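The basis for the numbers below is simple: all heavy atoms, side chains too, and nothing from hydrogens, waters or symmetry mates. Since we're looking at a predicted model, the values are computed, not measured. Numbered from 1 within each chain, the chains take letters A, B, ... in sequence-line order.
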There are 2 protein chains.
Amino acid sequence: MHLVSRSSIIALVVRDSIRILQGQGYKATKPRKLVLEVLEETEKPLSPYDIKGILRARGKYLNHVTIYRILDLLCSLNLAHKMLSSGGFVKCSLDAIEGCHRFMVCQHCGAIREFADKELCQEENDFAQDFGFHTEYHLSEFSGLCSQCYRK
Amino acid sequence: MHLVSRSSIIALVVRDSIRILQGQGYKATKPRKLVLEVLEETEKPLSPYDIKGILRARGKYLNHVTIYRILDLLCSLNLAHKMLSSGGFVKCSLDAIEGCHRFMVCQHCGAIREFADKELCQEENDFAQDFGFHTEYHLSEFSGLCSQCYRK
DNA sequence: TAGCTAATTGCAATATTATTGCATTTAGTT
DNA sequence: AACTAAATGCAATAATATTGCAATTAGCTA
């Protein structure tokens, strides 16, 4: 039961991200909106050329250089992340805890989900601290099966 | 105070890794020993071409294709890992817990260290389980400053 | 709303990284 | 020493990433 449509959620999240960009002095350009939309819709790690292909299939053309630069920007602002497993990029959830990003990647359907957990995050930081290591940010990637794929 | 020399430790670790390879039916070839040595000595994430360069500087030549294939093999056996931050490869410590690898990467000196912690690992898996996610393995990467670089 | 300007994008050229099929070599065995 | 499957090297190619500069555009300002 959905109270709001998927597409309206996407539009909302994209708008939020754009607002963050603007808040940092970056412009709300068409290419940036397009890349954010694709990342938000797809929910799977995408390479720059994946994104280019998806957009082209919709009749939208973006130069690959532009996509590289947009992804760099999004990552620098923690609005996107580069995944280890695939090398692809994913959109971060906006409520992710600063400096701590935890992803689960389903080996079967490829879907990724991001989770924020303050406690676990703190514990990990403490753990590092015990080794005299001062953590700036950390990234955790789980690989396995999501609940739906596990049942099959 | 070192009771054993650094180089003898490296030799030992390399030999252990080679033994694991042989145990799985893979041959103990010169190129594989060379790549393992470099990874073990360097303690920093290295790209295939980094490895090629280091070896060439020592008068050893390996084709880059060979290095790619060796790194693939090592990763598939959990003897090496590809790091998120740099995309470079690092040697895994042999005592790392099955399915759970935790690295700390110093942003200043670039050194990486792997840590195994059964409890933290279990906690993370439980956390995933709560979301209905069944973890096959996970990888955690801390980025920050090591104790030495922090003091400066 | 037109015009201005810095930021952003597109383009072309190039560099870097990765992959493939096949001939040659080598480790581990007999 | 000879054999054989496995591993490496080579050449060609594909895919991915980067750079400098010209053209365009978003967000201002008048």
Side-chain angles (χ1 to χ4, degrees), chain A residues 14-15 17-39 44-56 58-77 79-90, chain B residues 14-15 17-39 44-56 58-77 79-90:
Chain A
V14 169
R15 222 174 307 146
S17 304
I18 287 293
R19 228 169 263 141
I20 293 176
L21 283 178
Q22 289 181 308
Q24 309 275 339
Y26 298 101
K27 290 182 180 175
T29 65
K30 270 180 232 167
R32 285 173 181 164
K33 286 177 195 166
L34 288 174
V35 170
L36 280 167
E37 263 171 39
V38 170
L39 285 178
K44 289 180 190 179
L46 297 174
S47 76
Y49 284 92
D50 288 339
I51 295 171
K52 182 171 181 167
I54 291 172
L55 286 172
R56 197 169 36 204
R58 299 180 187 171
K60 314 269 185 184
Y61 175 80
L62 283 192
N63 190 280
H64 73 277
V65 180
T66 302
I67 300 176
Y68 275 94
R69 292 191 273 225
I70 291 175
L71 289 170
D72 278 350
L73 176 64
L74 296 180
C75 287
S76 75
L77 297 176
L79 291 173
H81 249 302
K82 189 175 188 175
M83 302 300 287
L84 172 76
S85 41
S86 56
F89 292 83
V90 297
Chain B
V14 169
R15 222 174 306 146
S17 302
I18 287 293
R19 229 170 262 142
I20 292 176
L21 282 179
Q22 289 181 307
Q24 309 273 340
Y26 298 101
K27 292 182 178 174
T29 65
K30 270 181 232 167
R32 285 173 180 166
K33 287 178 196 165
L34 288 174
V35 169
L36 279 166
E37 264 171 38
V38 171
L39 285 178
K44 287 178 193 182
L46 296 174
S47 76
Y49 283 92
D50 288 339
I51 295 172
K52 181 171 182 167
I54 290 172
L55 286 171
R56 197 168 38 203
R58 298 177 188 174
K60 315 268 185 186
Y61 175 79
L62 283 192
N63 189 282
H64 73 277
V65 180
T66 303
I67 300 176
Y68 275 95
R69 291 192 273 226
I70 291 174
L71 290 170
D72 277 350
L73 176 64
L74 296 179
C75 286
S76 74
L77 298 175
L79 291 171
H81 250 301
K82 189 174 188 176
M83 301 299 287
L84 175 76
S85 41
S86 57
F89 292 85
V90 297

Going by atom type alone, with no hydrogens or angles, which donor-acceptor pairs under 3.5 Å involve a side-chain atom of residues 18-30 of chain B and a protein atom two or more places apart or on another chain?
{"from": "B/R19", "atom 1": "NH1", "to": "B/D16", "atom 2": "OD1", "distance (Å)": "3.3"}
{"from": "B/T29", "atom 1": "OG1", "to": "B/R32", "atom 2": "N", "distance (Å)": "3.3"}

Pairs under 3.5 Å (N/O, protein and nucleotides 11-18 of chain C):
{"from": "C/dA18", "atom 1": "OP2", "to": "B/Y68", "atom 2": "OH", "distance (Å)": "2.3"}
{"from": "C/dA18", "atom 1": "O5'", "to": "B/Y68", "atom 2": "OH", "distance (Å)": "3.1"}

Spacing of A/D72 atom CG relative to C/dA7 atom C1', expressed in whole Å = 16 Å
ask   = In chain order, what residues pass the ring pair (Phe, Tyr, Trp, His ring centres under 6.0 Å) check against B/Y49, with sequence neighbours excluded?
value = B/H64
inquiry  = Five pairs per end, C1' atoms only: what is the angle between the end axes of the helix from C/dT1-D/dA30 to C/dT30-D/dA1, to 10 degrees?
reply    = 40°
message = For the CG atom of B/L39 and the CG atom of B/L79, what is their distance to the nearest 0.5 Å?
response = 10.0 Å
request  = Would you please name every residue forming a salt bridge (charged side-chain N to carboxylate O under 4.0 Å, His left out) with B/R15, sequence neighbours left out?
outcome  = none
ask   = Just wondering, do B/L73 and B/R69 contact through their side chains at under 4.5 Å, heavy atoms?
value = no
task = Taking B/D50 for its side chain and B/S47 for its backbone only, find out whether a donor-acceptor pair lies under 3.5 Å.
result = yes
message = Between B/L34 and B/R58, is there a side-chain heavy-atom distance shorter than 4.5 Å?
response = no
Protein N or O to nucleotides 26-30 of chain D N or O, pairs below 3.5 Å:
{"from": "D/dA26", "atom 1": "N3", "to": "A/K27", "atom 2": "NZ", "distance (Å)": "3.0"}
{"from": "D/dG27", "atom 1": "OP1", "to": "A/Q22", "atom 2": "NE2", "distance (Å)": "2.8"}
{"from": "D/dG27", "atom 1": "OP1", "to": "A/A28", "atom 2": "N", "distance (Å)": "3.0"}

task = Take atom CZ of A/R32 and atom P of D/dT25, then tell me their distance rounded to the nearest Å.
result = 15 Å
